[in-house]
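Note that the structure is a prediction, hence the values are computed from the model and not measured. The first residue in the sequence is number 1, and the count goes up from there.
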Amino acid sequence: MIVAIVVSSALSALLLAIALVLPSINSPTVPFGVRVPAERAEDPAVVRQTRIYRWRVLLSGIIAAVVGSAMYGVTGETLLLPLAVVVLVGAWYGCFFLANHEIRTAKAAGGWYKGVHQVIAVDTELRTDPPRFPWLWLAPALIVIVATVVIGVISYPSMPEVLAVHYGAKGMPNRLAAKSIGTAFSLVFVQIGVTALLVGIAAAIFFRSRHDIDPGHPVGSARWHRRYMLLGAKALLGLLAMIDLAMLGSSLLMWTGTVTPWAPMVVVLPILAAVAVAVVVLARNNRERDEGEADTGLTHREDDKFWRGGLIYINREDQALMVPRRFGLGWTLNFGNPMAAMLLAGVVALAGLVITLRFGG
């Protein structure tokens, strides 16, 4: 019970903090996913919607906490605690879409792009001097996987004949399975699947993503994008190592037959800590820094038609698989690229693998 409360509260607090600070750390030329000229970044309509958005998000966070606490107080069911997180996420995106709509309306009514010189800037050095993928950062995840396999092989003869393959919110086993290679090493297969998926995403960020270069400050913007891409790949590989570590901890609980109310924390704590660190690192570097470069007077091409609601990017003419998020941290898929469907199929296949291995016994 205490574990569920702590985890739900920590996750809600993290989401609320991210939602409140995002308008300040995202690019000022895409407020709430709407492309605007640099001179309109501080337009009264943008400032007003940013203020209203924050008040709405804060109020939604309070309401979500009250609703979650009330339902838990009435039912005593810990599984209802994550409901507050779901309510908060839904309210967060509702607040975003309202701000996005109002800024789009003001932009169209005011003709913000009339007479503006629009261009597309490209970093040509990506072909002649491409950045190096941080393969060394993959080593911790691989070491954890190898350690999991070695410990599992050594421990297999002494493992209980019946293994606890799943724990409930209170830390008690709620699903058992007979010992076999498939059940005992199920989380090793999950480790391998997650590693392949996240390494593939990190590689796509490096080799199949498009940089959103600011035509007003192209040199500094290109330099920042390279640094941010490297940070993003390292953060993803660091998160991968902690996920694999969580799977190792969960495997140890299963192999030793350990029953403890803190069992969920073995999985949740490493992953939540890694997510928090990744969010802080990316958030601190999510906006281009002013390096004193002279403004060229050029402006981004107005490309809102490719962004559904400011969040979903669909452009069949763009060969990039991933593009920088307009609102949020990191990258998002180009759903107009056929390879995006293949990547999503990989996610579904991994989820199916987890369900089959963990619940098919």
Side-chain angles (χ1 to χ4, degrees), residues 21-50 99-100 103-132 205-233 282-307 310-311 313-315 317-332 334 336:
V21 303
L22 272 182
S24 298
I25 62 177
N26 279 138
S27 172
T29 57
V30 280
F32 298 99
V34 182
R35 177 76 74 188
V36 302
E39 59 269 21
R40 293 285 187 173
E42 298 297 330
D43 188 89
V46 175
V47 175
R48 181 171 62 254
Q49 289 305 316
T50 300
N100 174 275
I103 295 176
R104 278 178 180 268
T105 301
K107 172 184 171 180
W112 290 2
Y113 264 90
K114 287 183 179 179
V116 175
H117 192 181
Q118 305 175 44
V119 299
I120 300 176
V122 179
D123 182 3
T124 57
E125 291 187 358
L126 284 176
R127 291 186 177 181
T128 59
D129 183 26
R132 296 181 179 179
I205 291 173
F206 250 71
F207 306 116
R208 294 301 306 273
S209 68
R210 174 175 56 76
H211 291 192
D212 194 21
I213 306 299
D214 179 10
H217 306 87
V219 176
S221 180
R223 188 180 298 117
W224 171 81
H225 271 285
R226 284 171 170 258
R227 289 198 301 264
Y228 190 70
M229 182 172 61
L230 183 61
L231 278 174
L282 292 178
R284 292 185 61 185
N285 297 273
N286 200 54
R287 178 180 286 196
E288 298 175 28
R289 298 177 181 177
D290 185 5
E291 298 181 346
E293 181 181 356
D295 194 328
T296 64
L298 303 176
T299 302
H300 272 293
R301 180 188 63 170
E302 204 285 329
D303 55 354
D304 285 349
K305 65 180 181 180
F306 299 118
W307 289 87
L311 292 176
Y313 183 70
I314 304 176
N315 185 358
E317 297 178 357
D318 189 347
Q319 296 183 356
L321 176 60
M322 306 190 76
V323 295
R325 287 182 180 273
R326 281 196 164 185
F327 190 78
L329 304 172
W331 292 260
T332 187
N334 172 16

Would you sort out whether F327 and V34 count as a side chain to side chain contact (heavy atoms under 4.5 Å, CB included), showing the intermediate values? CA-CA 9 Å; F327 190 78; V34 182; over 6 Å; no
Do [X] and [Y] have side-chain heavy atoms sitting under 4.5 Å apart?
X    : Y    : answer
T299 : H117 : no
L329 : L22  : yes
W112 : D43  : yes

Using every non-hydrogen atom in the two residues, find where A294 and H217 come nearest and quote the distance to one decimal. O-CD2, 4.1 Å
Closest heavy-atom contact between V116 and P37? CG2-CG, 4.3 Å
Would you check, one step at a time, whether the test side chain to side chain contact (heavy atoms under 4.5 Å, CB included) holds for V323 with D318? CA-CA 10 Å; V323 295; D318 189 347; 4.2 Å; yes
So, the side chain of [X] versus the backbone of [Y]: is there a donor-acceptor pair under 3.5 Å, distance only?
X    : Y    : result
Y228 : G330 : yes
N26  : P31  : no
T296 : P215 : yes
R326 : S27  : no
R325 : W331 : yes
K107 : Y113 : no
H211 : R226 : no
Q118 : E302 : yes
N334 : A320 : yes

Only one of T50, V46, L311 passes side chain to side chain contact (heavy atoms under 4.5 Å, CB included) with F32; say which it is. T50
I need the R48 CZ to I103 CD1 distance, nearest 0.5 Å. 9.5 Å
Between atom CZ of R227 and atom CG of N285, what is the distance when rounded to the nearest 0.5 Å? 8.0 Å
